[in-house]
Participant: 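Take this structure first; my questions come after.
All values below were derived from every heavy atom in this structure, side-chain atoms included, with hydrogens, water molecules and symmetry-related copies excluded.
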Amino acid sequence: MSLNESESTEVGSYSVNDAVLVLEDGQVYIGEPYGSVGETFGEIVFATGMTGYQETLTDPSYDRQIVVQTFPHIGDTGVNREDPESSRIWVAGYVVRDPSPVVSNWRATGSLDDELEGQSIVGICDIDTRKLVRHLRSAGVMRAGIFSGDALTHDDGSLVSVGELLAKVQDSPKMSGANLGPEVSTKETYVVEPCGEFEGKDPIATVVAVDLGIKAMTPHRLAERGCRVYVVPMTISFEEIEKINPTGVFFSNGPGDPGTADDTVALLRRVLDAGFPFFGICFGNQILGRALGFGTYKLKFGHRGINQPVKDLTTGKVEVTAHNHGFAVDAPIGQTIETPYDNGHYGKARVSHVDLNDDVVEGLECLDIPAFSVQYHPEAAAGPHDASYLFDRFVNLMLNHKDSKEGSVNA
């Protein structure tokens with residue numbers, strides 16, 4: 001249904017017991033409430049993973065986004081206390097086709113429906129998500145709103161019209177130009193100690209991880225390789241980073257428009273100028289791109305899910321990877337160039353990885369300074385482990401750089 005249909009069906013086609021999804025372009029989907037009842041707004045996007053819904057919901061990169069699950073059956077395994085990637089659900093709203101009526105998993109501590117309701121996440125189910133996703137692929141992601149319960153009625157009990165709901169959607173904030181890092185970044189520094197075979201041992205490296213919306217599995221991947229990880233607020237100063245005396249610096253994934261992150265770009269430039277080895281993921285990749293002098297731009301519908309094919313241009317290897325990004329770096333593919341910032345201030349760089357679906361830049365590698373990044377999520381929570389070697393690459397980069405520094409001092 002859309003606004004070009006007759007006014008007589010605009011109000012009468014749903015009741016106060018329904019949930020209504022309204023897109024910015026006027027498309028309307030009527031279903032059942034799922035999770036909490038009320039109203040919510042955000043950029044509507046779709047995630048293609050067949051599993052990992054709990055990790056998706058708790059990924060801070062989904063801040064202010066309404067997520068549509070393309071896999072029809074959601075909630076079969078319920079929720080547990082081991083899989084969340086942060087302390088809360090971050091999605092603005094949730095759209096599924098067929099929520100599971102039962103929970104069947106030995107680790108489950110509750111149902112997804114109850115978890116959504118408990119965290120006041122407004123959702124909708126029993127709609128044609130395939131039709132919705134096909135529309136978003138052709139029209140592009142856009143603002144949307146989900147309305148249910150009292151959000152569908154006026155004070156006198158009469159139903160709110162689609163036109164009124166649409167006006168609310170069109171008055172909601174856009175993702176372009178949104179600076180969301182401060183909403184999701186940790187307020188206090190915390191430390192993740194080496195674990196696994198390195199538990200109880202001295203760290204082989206110390207990493208400062210700047211939290212732009214970090215997922216819990218990322219510092220864990222470094223800790224299980226012997227690193228002590230200081231997860232710090234995005235407001236940290238360069239002088240505070242220096243006091244920690246890290247072996248390397250990491251910038252995490254996160255939500256929002258990288259074009260707004262001028263302070264974070266300036267911080268990274270000081271990190272690079274000081275010679276610290278650097279690794280960035282997702283938003284961190286976009287920040288490295290900007291620091292090197294490249295631009296960023298918004299994708300039509302982005303990459304979100306755990307089945308995205310990426311080619312490593314160094315090895316020719318194709319990896320199946322996990323993604324969650326709506327912006328990308330604008331850099332030339334297939335050539336080594338002088339970095340644009342300050343007439344080649346950071347030497348030469350190249351695009352290291354590309355998405356095989358649409359040739360979007362998925363990684364950057366600096367050739368004259370110890371820095372690299374990828375646009376996707378090698379921590380694989382959820383997702384395949386094809387790209388886990390990138391954490392080994394970062395550890396080796398740090399240790400080799402440390403050895404070379406100590407060698408030059410001793411000489």
Side-chain angles (χ1 to χ4, degrees), residues 43 45 59-65 90 141 174-185 208-215 218 234-236 249-272 276 278-305 308 310 313 321-333 337 339-341 345-346 349-355 357-366 369 371-379 387 390 394:
E43 179 182 62
V45 302
D59 179 353
S61 294
Y62 281 116
D63 183 32
R64 295 205 198 176
Q65 292 183 317
W90 282 101
V141 297
K174 294 184 177 181
M175 186 59 69
S176 293
N179 181 17
L180 303 183
E183 293 186 5
V184 300
S185 182
V208 167
V210 178
D211 180 5
L212 307 174
I214 201 167
K215 296 171 68 178
T218 304
M234 65 177 296
T235 54
I236 192 170
V249 177
F250 170 82
F251 277 26
S252 79
N253 62 291
D257 185 344
T260 66
D262 292 344
D263 291 345
T264 309
V265 172
L267 176 63
L268 179 53
R269 284 178 177 154
R270 294 199 66 183
V271 167
L272 299 179
F276 289 112
F278 171 79
F279 177 32
I281 287 176
C282 198
F283 202 83
N285 174 71
Q286 296 159 10
I287 297 302
L288 177 60
R290 284 199 57 199
L292 298 178
F294 298 114
T296 56
Y297 65 99
K298 197 172 191 308
L299 297 169
K300 184 175 182 180
F301 50 80
H303 303 157
R304 297 172 182 88
Q308 305 280 343
V310 166
L313 298 181
T321 60
H323 288 222
N324 179 7
H325 66 107
F327 293 84
V329 174
D330 185 9
I333 296 172
I337 66 167
T339 51
Y341 175 68
H345 179 77
Y346 294 114
R350 66 186 187 89
V351 172
S352 59
H353 297 74
V354 296
D355 191 289
N357 286 330
D358 53 14
D359 288 332
V360 165
V361 172
E362 293 292 341
L364 297 169
E365 181 182 13
C366 296
I369 59 172
F372 73 101
S373 60
V374 291
Q375 184 61 64
Y376 50 95
H377 288 239
E379 80 286 339
L390 291 166
F394 182 43

Participant: Might you confirm whether atom CG of Asp263 has over 12 heavy atoms from other residues, nucleotides or ligands at distances under 6.0 Å?
Facilitator: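 Not more than 12 within 6.0 Å, no.
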
Participant: Do you see a donor-acceptor pair shorter than 3.5 Å between the side chains of His303 and Glu362?
Facilitator: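 A donor-acceptor contact under 3.5 Å links the two side chains.
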
Participant: Would the distance check show the side chain of Asn179 and the main-chain N or O of Gly256 forming a donor-acceptor pair, the cut-off being under 3.5 Å?
Facilitator: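 Side chain of Asn179 to backbone of Gly256: no pair is present.
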
Participant: Give the minimum heavy-atom separation between Ala387 and Pro378, together with the two atoms involved.
Facilitator: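 Closest heavy-atom pair between Ala387 and Pro378: O-CB, 3.4 Å.
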
Participant: CZ/Arg304 to OG/Ser61 distance, rounded to the nearest 0.5 angstrom?
Facilitator: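 The CZ atom of Arg304 sits 9.5 Å away from the OG atom of Ser61.
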
Participant: Counting N and O atoms only, with roles assigned by atom type, does the side chain of Tyr346 sit under 3.5 Å from a partner on the main chain of Arg269, one being a donor and the other an acceptor?
Facilitator: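 At least one qualifying donor-acceptor pair exists.
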
Participant: If you compare all heavy atoms of Pro332 against all heavy atoms of Phe294, which two are closest, and at what distance to 0.1 Å?
Facilitator: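 Shortest heavy-atom separation between Pro332 and Phe294 comes out as CD-CE2, 4.0 Å.
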
Participant: Are the aromatic ring centres of Phe283 and Phe251 under 6.0 angstrom apart?
Facilitator: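 No, the ring of Phe283 stays outside the 6.0 Å limit from the ring of Phe251, centre to centre.
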
Participant: Find out whether Val351 and Leu364 are in side-chain contact, i.e. whether some heavy atom of one side chain is under 4.5 Å from a heavy atom of the other.
Facilitator: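 Answer yes - side chains close enough.
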
Participant: Once side-chain contact (heavy atoms from CB on, under 4.5 Å) is applied, do any residues pair with Ser185, and if so which ones, sequence neighbours excluded?
Facilitator: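 In terms of side-chain contact (heavy atoms from CB on, under 4.5 Å), with neighbours along the sequence ignored, Ser185 is linked to Asp211, Pro233, Met234.
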
Participant: Locate the shortest heavy-atom distance separating Pro255 from Pro60; write the atom from each residue and the value.
Facilitator: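 Minimum heavy-atom separation between Pro255 and Pro60: CG-O, 3.5 Å.
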
Participant: Would you please classify the geometry between the His323 ring and the His325 ring as parallel, tilted or perpendicular, with 30° and 60° separating the classes?
Facilitator: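 Answer is tilted, since the angle falls between 30° and 60°.
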
Participant: Closest heavy-atom contact between Ser176 and Lys298?
Facilitator: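 The answer is OG-CD, 3.1 Å.
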
Participant: Assess, by modelled atom type and distance only, whether the side chains of Asn324 and Asp59 contain a donor and an acceptor separated by less than 3.5 Å.
Facilitator: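 Asp59 and Asn324 do have a side-chain donor-acceptor pair below 3.5 Å.
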
Participant: Is the shortest heavy-atom distance from the side chain of Leu180 to the side chain of Arg64 under 4.5 Å?
Facilitator: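 Contact flag for Leu180/Arg64 side chains = yes.
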
Participant: What distance separates His353 NE2 from Thr321 OG1, expressed to the nearest 0.5 Å?
Facilitator: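 If we round to the nearest 0.5 Å, His353:NE2 and Thr321:OG1 are 9.0 Å apart.
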
Participant: Just verifying a value: how many Å separate Thr264 OG1 and Ile287 CD1, rounded to the nearest 0.5 Å?
Facilitator: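 Rounded to the nearest 0.5 Å, the OG1-CD1 separation comes to 5.5 Å.
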
Participant: Report yes if the distance between the aromatic ring centroids of Phe372 and Phe278 is under 6.0 Å, otherwise no.
Facilitator: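 So the answer is no for these two rings.
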
Participant: Is the closest side-chain heavy-atom distance between Leu313 and Arg350 below 4.5 Å?
Facilitator: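 Yes, at least one pair of side-chain atoms sits under 4.5 Å.
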
Participant: Looking only at non-hydrogen atoms, find the nearest pair between His377 and Cys282 and report the distance.
Facilitator: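 Heavy atoms only, the tightest pair is NE2-SG, 3.5 Å.
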
Participant: Are any of the side-chain heavy atoms of Ile236 and Leu267 separated by less than 4.5 Å?
Facilitator: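 The answer is yes; the side chains approach within 4.5 Å.
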
Participant: Using the ring-ring contact (aromatic ring centres under 6.0 Å, His included) criterion, which residues pair with Phe327? Sequence neighbours excluded.
Facilitator: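 Counting only residues at least two positions away or on another chain, Phe327 forms no ring-ring contact (aromatic ring centres under 6.0 Å, His included).
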
Participant: When rounded to the nearest 0.5 angstrom, what is the spacing between CE in Met175 and CG in Asp63?
Facilitator: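 That separation rounds to 7.0 Å.
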
Participant: Can you see which heavy atom on Pro258 is nearest to which on Thr296, and at what distance?
Facilitator: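 Smallest heavy-atom distance, with atoms named: CG-OG1, 3.6 Å.
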
Participant: With the side chain counted from C-beta on, respond yes when Glu43 and Lys174 share a heavy-atom pair under 4.5 Å apart, and no when they do not.
Facilitator: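 Side chain of Glu43 against side chain of Lys174, heavy atoms only: no contact under 4.5 Å found.
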
Participant: Starting at CG of Asp330, measure out to CZ of Arg290 and round the result to the nearest 0.5 Å.
Facilitator: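 Taking CG in Asp330 and CZ in Arg290, the distance rounds to 13.0 Å.
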
Participant: With a 3.5 Å distance limit and no angle check, can you tell me whether Thr260 reaches the backbone of Gly177 through a side-chain donor-acceptor pair?
Facilitator: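 The answer is no, because no donor-acceptor pair under 3.5 Å joins these two groups.
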
Participant: Under the criterion side chain to side chain contact (heavy atoms under 4.5 Å, CB included), I'd like the reasoning laid out for Asp355 against Tyr376: C-alpha separation, chi angles, the key distance, then a yes or no.
Facilitator: CA-CA 10 Å; Asp355 191 289; Tyr376 50 95; over 6 Å; no

Participant: Rounded to the nearest 0.5 Å, how far does CG of Leu288 lie from CG of Leu268?
Facilitator: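 If I round to the nearest 0.5 Å, the distance is 6.0 Å.
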
